[in-house]
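Questions regarding the structure given below will be posed in turn.
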Number of protein chains: 2
Amino acid sequence: MADSKTDLRIIRTKESILTALIDLIEEKGFETITVKDITTRANINRGTFYAHYQDKFDLMAKCEEKVMLEISSIAKQNFPNVIASLEMDSSNVPPFPLTVSLFEYLNKNSDIMRALLGPKGDLSFQTRLKEFMWDTLYGTNPIALVKEENFLVPGQYLSSYMGTALIGVVQQWLNSGRKESPQEMARILTIINVNGPFYAAGLKK
Amino acid sequence: MADSKTDLRIIRTKESILTALIDLIEEKGFETITVKDITTRANINRGTFYAHYQDKFDLMAKCEEKVMLEISSIAKQNFPNVIASLEMDSSNVPPFPLTVSLFEYLNKNSDIMRALLGPKGDLSFQTRLKEFMWDTLYGTNPIALVKEENFLVPGQYLSSYMGTALIGVVQQWLNSGRKESPQEMARILTIINVNGPFYAAGLKK
DNA sequence: ATAATAAAAGAACACCGTGTTGTTTTATTA
DNA sequence: TAATAAAACAACACGGTGTTCTTTTATTAT
């Protein structure tokens, strides 16, 4: 038994569906999209959609899972993480390699990421991604220097703060046409994180 | 002609609808809610709903507009804003009055705010609120000391960063049962904003 | 208190998207 | 070129939508 490859038609169909989904999210937002919208746009029969996905939520979930896995793999490749490379007293630290890799991934997959993270995207995805970001980028692990007992504020708020701030910066970058390079974005994010937003606004020191 | 007050039935109906909406958002998420769900929960006829709102999106929009106006009014009452009261070199600044007022408002209206800002809430609202927050809390105005030419990073990213970070902290607070007082939350947020998240995590200085 | 008013309830309607189940056609694989 | 299965096609019951009409009921103003 040869390791039979997946039928070309399936690949084409799934690609058509994904492209249609991304387009439609940006056009009218996920919540108002119908399965009919998707199949019409993808030029496939509606029944074919149901051969691959339960409904539009299932499609979305599978789509998001794929993205999460890819980001997760990036995090693993860049282990040890961010925190370990921080020089404490430097106010001009180099951008963290993991952050650069992250923005490079976002840059390569900007269409789908803009759809998912955009103002018409999926809120639950952003929530999950936020938590995931904290865990992988700044979260506690054997290497990280993060120690809860040194916190000046409750860890849950620090986590929310940095997680959502990162998502916010990414959203802004994606929605404003990605004018800056991934390296530049990593630098910007690092400056604000290390020195604080007030410092970055020229209001301190 | 006396300035006829609105019919008591209208007030009752609208209140029932709003309560039902808030409950249902937390139960199943806005996107899967049907008008029938709302009217059943609110114990009103479905036709009555359409006498007041075009559809569930219209209801949501009116509901959000109300919240935005109230927050806007809070911002006006606390003018001049946050920035003007910042002592530059202090690492133990008092919480900004406007931020305290904001958390007090959120505390009083926690049900609706938790529904709107929660993981099953409305993404577009969060986007609008984020921009609104920057404008009113940290945005450039005649009093604010914020000057774009002093920025170490592009202003759009600073805005996104602080706006989303604030929302993230608020969400965390609302979803974890509001254990801290509004004053304490304002203090936490101020510490992170002024000194930076890394400092607040005990990773700097 | 009562009449005028209008809000809410109730019922019926066509419309549209859903999810499913068959059958037929067509593309891919071996 | 034959076997296979994906996709197209068609038909179905179901449920929510948004509208219109009539009837009932609560509120307001006299």
Walk me through it: do B/Arg41 and B/Glu27 pass the test salt bridge (charged side-chain N to carboxylate O under 4.0 Å, His left out)? CA-CA 12 Å; B/Arg41 180 67 60 99; B/Glu27 276 179 35; 2.9 Å; yes
Just wondering, more than 12 heavy atoms not from A/Glu65 lying within 6.0 Å of its CD?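 At most 12 heavy atoms, drawn from other residues, nucleotides or ligands, come within 6.0 Å of this atom.
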Greater than 12 external heavy atoms within 6.0 Å of B/Lys108's NZ: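 Not buried by this count: 12 neighbours or fewer within 6.0 Å.
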Contacts under 3.5 Å, N or O only, protein and nucleotides 2-5 of chain D:
none

Test side chain to side chain donor-acceptor pair (under 3.5 Å) applied to B/Thr127 and B/Glu131, step by step: CA-CA 7 Å; B/Thr127 306; B/Glu131 288 162 4; over 6 Å; no
Only pairs under 3.5 Å count here: list side-chain donor-acceptor contacts from residues 11-20 of chain B, not counting sequence neighbours, and write none if there are none.
residue : atom : partner : partner atom : Å
B/Thr13 : OG1  : B/Arg9  : O            : 2.8
B/Ser16 : OG   : B/Arg12 : O            : 2.9
B/Thr19 : OG1  : B/Glu15 : O            : 2.8

Restricting to pairs with a member in residues 152-178 of chain B, which pass salt bridge (Lys or Arg N to Asp or Glu O under 4.0 Å), not counting sequence neighbours?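 Qualifying pairs: none.
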With respect to the side chain of A/Arg12, which nucleotide from C/dA27, D/dA26, C/dA9 is positioned closest? C/dA27
Run through DNA chain C and report every stem of 3 or more consecutive Watson-Crick or G-U pairs, distances under 3.5 Å, ordered by first number. C:1-30 with D:1-30
Judged by modelled atom types alone, do A/Gln126 and B/Gln126 share a side-chain donor-acceptor pair under 3.5 Å?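 No, B/Gln126 and A/Gln126 have no side-chain donor paired with an acceptor closer than 3.5 Å.
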Whole angstroms only, please: what is the CZ-P distance between A/Phe49 and C/dT20? 12 Å
Axial cation check for B/Phe30 ring with B/Lys120, 6.0 Å and 45° limits: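 Judged by the rule, B/Lys120 and B/Phe30 form no cation-pi pair.
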Using a heavy-atom cut-off of 4.0 Å across all strands, would you classify A/Asp37 as base, sugar-phosphate, or nothing? nothing
Find the distance A/Asp58:CG to C/dT20:P and express it as a whole number of Å.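 In whole Å, C/dT20 P lies 11 Å from A/Asp58 CG.
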Whole-Å distance between C/dT23 P and A/Asn45 CG?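 For the pair A/Asn45 CG and C/dT23 P, the rounded distance is 17 Å.
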Are there any protein N/O atoms within less than 3.5 Å of an N/O atom in nucleotides 18-24 of chain D, and if so, which ones and at what distance?
residue : atom : partner : partner atom : Å
D/dG18  : OP2  : B/Tyr50 : OH           : 3.0
D/dG18  : N7   : B/Arg46 : NH1          : 2.9
D/dG18  : O6   : B/Arg46 : NH2          : 3.0

Just by distance, no angles: are the side chains of B/Ser160 and B/Gln156 close enough, under 3.5 Å, to form a donor-acceptor pair?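 No donor-acceptor contact under 3.5 Å links the two side chains.
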Within this structure, what is the CD1-to-P distance between A/Ile44 and D/dA10, rounded to whole angstrom?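 Atom CD1 in A/Ile44 sits about 16 Å away from atom P in D/dA10.
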Taking only side-chain nitrogens and oxygens of B/His52, does any of them come within less than 4.0 Å of OP1 or OP2 of C/dA7? no
To the nearest angstrom, the NZ-C1' distance between B/Lys14 and C/dA7 comes to 12 Å
What's the CG-P distance between B/Leu8 and C/dA8, to the nearest Å? 11 Å
Does anything in residues 16-34 of chain A reach DNA chain D, meaning a heavy atom under 4.0 Å, and if so which residues?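 Contacts with DNA chain D under 4.0 Å: none.
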A/Thr13 vs D/dA7: side-chain N/O to OP1/OP2 distance below 4.0 Å: yes
Send over the distance from B/Tyr53 OH to C/dA8 C1', rounded to a whole Å.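 Whole-Å distance recorded here is 15 Å.
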Would you say the side-chain atoms of A/Asn193 and B/Tyr161 include a donor-acceptor pair closer than 3.5 Å? yes
For a salt bridge (charged side-chain N to carboxylate O under 4.0 Å, His left out) check, start with the C-alpha distance between A/Asp37 and A/Lys28, then their side-chain angles and the critical distance, and finish with the verdict. CA-CA 10 Å; A/Asp37 285 335; A/Lys28 50 189 296 192; 2.7 Å; yes
Begin with the C-alpha distance, continue with both residues' side-chain angles, and end with the deciding distance and a verdict on salt bridge (charged side-chain N to carboxylate O under 4.0 Å, His left out) for B/Lys179 and B/Glu184. CA-CA 10 Å; B/Lys179 304 258 170 51; B/Glu184 172 66 4; over 6 Å; no
Please say whether more than 12 non-hydrogen atoms of neighbouring residues, nucleotides or ligands are located less than 6.0 Å from NZ in B/Lys62. yes
For A/Phe103, does its backbone N or O pair with a side-chain atom of A/Asn107 as donor and acceptor, under 3.5 Å?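 Such a contact is absent between A/Asn107 side chain and A/Phe103 backbone.
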